[in-house]
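Below: the structure, in structure tokens.
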Amino acid sequence: MSVEIKLSRSNRIYRPNEPVEGKIVTKLSSSISHQGIRLNVNASVNLQVRGGSAGVIESIYGVIKPITILNKTVEVLKSGRISSGTTEIPFTFKLKDRGEKPLEKFYETYHGGDISIQYLVTVDISRGYLHKSLSAILEFIIESEKENLPEKPISPEMVIFYMTQDTQRHSLLPELQSGGFRVSGKVCTLCSLSDPIEGEITVESSAVPIQSIDIHLLRVESILVGEKIATESSLIQTTQIADGDVCRGMTLPIYIILPRLLTCPSIFAGPFSIEFKVNLVITFQSEQSKVHSKSNFKTLRSWHAAESVPLELIRTK
């Protein structure tokens, strides 16, 4: 015996003011009786604080009580029988009933490191005390209501940056400190989730050959724990802009596609916030870099140069 939930939209993307439609599909070797078929729709912001981000507080709290966005039960069928073979039972429900005040704002679906925002629908086919209930669960994706979104295209906001040996806060290779380097460019600081992050970077001069140029997309998640704020930065993805030494004075384009579910509109709520930033990292060729090929984005070595730029993400129509 098996049961699954299939939604009418293959991408499973809905907006809070739209009805969610689909069907419950059962595959049975013989007919069964049931005491009702129900859908449980749950949505919440799940928060957790990992070791190191809050010190002693983390050992006290750990996982923080989720913030409930939605919790409702929909009756699909009253008690009856389901025949053998494959049976499809249609359903529809509204996330927001007219006149109903939501428990919390409908934030967009987001899968992060310490914060996740999930919308789940669970079907439960009750069969009484003597038989185990049949159930299945499915996640669907929520995006912001269109009427609340700014028109597209939004005017791009670019920030101009430059990197030299004097802008770095960590120790550099002796040959970099003496010979120097200069890298300039521009990158987007306000971006629609449906658009790429764009910009450009130019290596004007460098006393040491370049090994690679990479861009780290980071999430910065902050959670209010008691009277303190625990903030943790984690890596979403790395995009390589150049491999090997590059021609001096040549402008290299920056073009990064944002991953779905791992990003969302920047959020500044009371109990938590979700922000993003872009780290531009240049790795110079050296014997030390060959030995330490793997590097943590949080720890810059003497053969690295980096620049960090805040990134605001928004949803547009």
Side-chain angles (χ1 to χ4, degrees), residues 1-48 62-145 260-262 264 267 269 271-272:
M1 294 185 293
S2 68
V3 59
E4 65 174 323
I5 302 170
K6 290 186 176 181
L7 298 178
S8 59
R9 299 179 183 178
S10 59
N11 60 10
R12 295 180 287 129
I13 298 176
Y14 295 86
R15 301 182 187 273
N17 58 346
E18 296 176 337
V20 179
E21 299 176 342
K23 54 191 177 184
I24 301 162
V25 182
T26 61
K27 294 181 181 180
L28 308 174
S29 57
S30 60
S31 63
I32 62 170
S33 60
H34 63 86
Q35 296 182 349
I37 300 177
R38 296 174 182 84
L39 289 175
N40 297 308
V41 186
N42 296 287
S44 61
V45 182
N46 303 302
L47 310 170
Q48 69 172 2
V63 177
I64 302 170
K65 184 179 179 181
I67 301 171
T68 301
I69 299 174
L70 181 66
N71 188 357
K72 69 189 303 181
T73 300
V74 179
E75 187 177 63
V76 179
L77 285 180
K78 296 184 182 296
S79 58
R81 292 189 68 84
I82 302 176
S83 60
S84 60
T86 301
T87 303
E88 296 183 351
I89 305 167
F91 66 82
T92 181
F93 62 85
K94 292 181 178 179
L95 296 169
K96 284 171 48 175
D97 293 319
R98 184 172 295 178
E100 179 186 26
K101 188 176 181 181
L103 298 172
E104 184 65 47
K105 178 182 176 181
F106 280 82
Y107 301 107
E108 288 203 11
T109 298
Y110 168 73
H111 295 178
D114 294 335
I115 302 173
S116 65
I117 305 171
Q118 286 187 292
Y119 295 80
L120 303 172
V121 56
T122 305
V123 60
D124 183 71
I125 303 176
S126 177
R127 303 179 61 203
Y129 295 109
L130 300 178
H131 300 280
K132 186 179 180 180
S133 297
L134 296 176
S135 63
I137 189 169
L138 181 69
E139 181 181 13
F140 59 99
I141 300 165
I142 290 296
E143 291 186 355
S144 303
E145 295 180 12
R260 186 64 186 97
L261 300 183
L262 301 180
C264 69
I267 299 175
F272 70 98

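Here Lys65 contributes atom NZ and Leu47 contributes atom CG; the two are 12.0 Å apart, rounded to the nearest 0.5 Å. Remark: Asn46 CG to Ile67 CD1 distance equals 9.5 Å, nearest 0.5 Å. One finds the CD1 atom of Ile32 at 10.0 Å from the OG atom of Ser83 (value rounded to the nearest 0.5 Å). Considering CG of Leu120 and CD1 of Ile137, their distance stands at 4.5 Å, rounded to 0.5 Å. Between Leu77 atom CG and His34 atom NE2 the span is 5.5 Å, to the nearest 0.5 Å. Separating the CG atom in Leu28 from the CD1 atom in Ile125 is a distance of 7.5 Å, to the nearest 0.5 Å.
Legend: residues meeting salt bridge (charged side-chain N to carboxylate O under 4.0 Å, His left out) with Lys94, ordered by chain and number and at least two apart, are absent. Applying the side chain to side chain donor-acceptor pair (under 3.5 Å) criterion to Gln35, with sequence neighbours excluded, gives no partner residue. Qualifying side-chain contact (heavy atoms from CB on, under 4.5 Å) partners for Arg9, counting only residues two or more places apart in sequence or in other chains: Asn11, Tyr14, Glu18. Judged as a side-chain contact (heavy atoms from CB on, under 4.5 Å), and not counting sequence neighbours, the contacts of Leu262 are His111, Arg219, Ile236, Pro259.
Across all non-hydrogen atoms, the minimal contact from Leu95 to Pro16 is CB-O, 3.6 Å. Across all their heavy atoms, Pro19 and Thr92 have their closest contact at CB-OG1, 4.0 Å. In terms of heavy-atom proximity, Thr109 sits nearest to Ile142 at OG1-N, 2.9 Å. Nearest heavy atom pair, residue Ile82 against residue Ile89, reads CD1-CD1, 4.4 Å.
Counting only residues at least two apart or on different chains, no salt bridge (Lys or Arg N to Asp or Glu O under 4.0 Å) pair has a member in residues 120-138. Residue pairs meeting the side chain to side chain donor-acceptor pair (under 3.5 Å) criterion with at least one partner in residues 20-30, sequence neighbours excluded, are Lys23-Glu88.
The shortest distance between side-chain heavy atoms of Val123 and Leu39 falls below 4.5 Å. Contact check for Val121 versus Phe93: side-chain heavy atoms found under the 4.5 Å cut-off.
With no hydrogens or angles considered, no side-chain donor-acceptor pair links Thr73 and Arg38 at under 3.5 Å.
Using the six-membered ring where Trp is involved, Tyr119 and Phe140 have ring planes that are tilted, between 30° and 60° apart.
Counting only distance, with no hydrogens or angles, the side chain of Glu104 and the backbone of Thr68 share no donor-acceptor pair below 3.5 Å.
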